[in-house]
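Since we're looking at a predicted model, the values are computed, not measured.
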Amino acid sequence: MEKTINFRISEENKLELQFIAEEKEIKVSHLVREIINDFIEDYYEDESPVYLDNIEPIEVFLEIPSDHHQYKKID
């Protein structure tokens, strides 16, 4: 369900939005929705990972190969 939001911006920003919308050949309202959607997506991408309390960590053991001494660091 879509809702209407009314807000005020400076005349300069309005003109900039109109210019960008014209370049993209879309309406200003569509551009503003695009901007808001992108902002919300970016906001949630930056969240730290979620940790669940009841999950035990998995332990992983890596064996050292028997020929590990053959590998030498080359400078």
Side-chain angles (χ1 to χ4, degrees):
M1 176 186 298
E2 293 185 0
K3 297 290 183 180
T4 300
I5 298 175
N6 295 314
F7 57 92
R8 297 184 186 280
I9 60 172
S10 69
E11 182 68 24
E12 182 179 316
N13 285 340
K14 179 183 176 241
L15 294 173
E16 288 293 329
L17 286 172
Q18 287 175 325
F19 176 78
I20 295 167
E22 286 173 11
E23 277 193 330
K24 295 179 88 170
E25 298 179 350
I26 58 176
K27 293 182 177 185
V28 173
S29 59
H30 181 82
L31 176 63
V32 172
R33 278 193 297 274
E34 219 176 71
I35 292 168
I36 291 170
N37 288 337
D38 289 348
F39 178 84
I40 291 171
E41 285 176 19
D42 291 346
Y43 177 83
Y44 286 108
E45 283 180 5
D46 294 338
E47 275 194 359
S48 58
V50 176
Y51 296 101
L52 303 176
D53 292 336
N54 296 332
I55 296 180
E56 291 184 34
I58 299 172
E59 290 186 54
V60 176
F61 296 95
L62 300 174
E63 293 185 28
I64 299 175
S66 60
D67 61 349
H68 76 281
H69 61 281
Q70 293 178 3
Y71 301 104
K72 296 181 182 175
K73 183 178 177 183
I74 299 174
D75 295 322

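To the nearest 0.5 Å, atoms CD (E23) and CG (L31) are separated by 10.5 Å. The distance from atom CZ of R33 to atom NZ of K27, rounded to the nearest 0.5 Å, is 9.0 Å. Note that CD1 of I40 and CG of N37 are 6.0 Å apart. Values are rounded to the nearest 0.5 Å.
Hydrophobic clustering places V28 together with I20 (ILVMFWY residues linked when any side-chain heavy atoms are closer than 4.5 Å, directly or through intermediates). The hydrophobic cluster containing L15 does not contain F7, counting ILVMFWY residues as joined when their side-chain heavy atoms lie under 4.5 angstrom apart, directly or transitively.
Side-chain contact between I9 and L17 is present, with at least one heavy-atom pair separated by less than 4.5 Å. With contacts defined as side-chain heavy-atom distances shorter than 4.5 Å, the pair K24/E34 qualifies.
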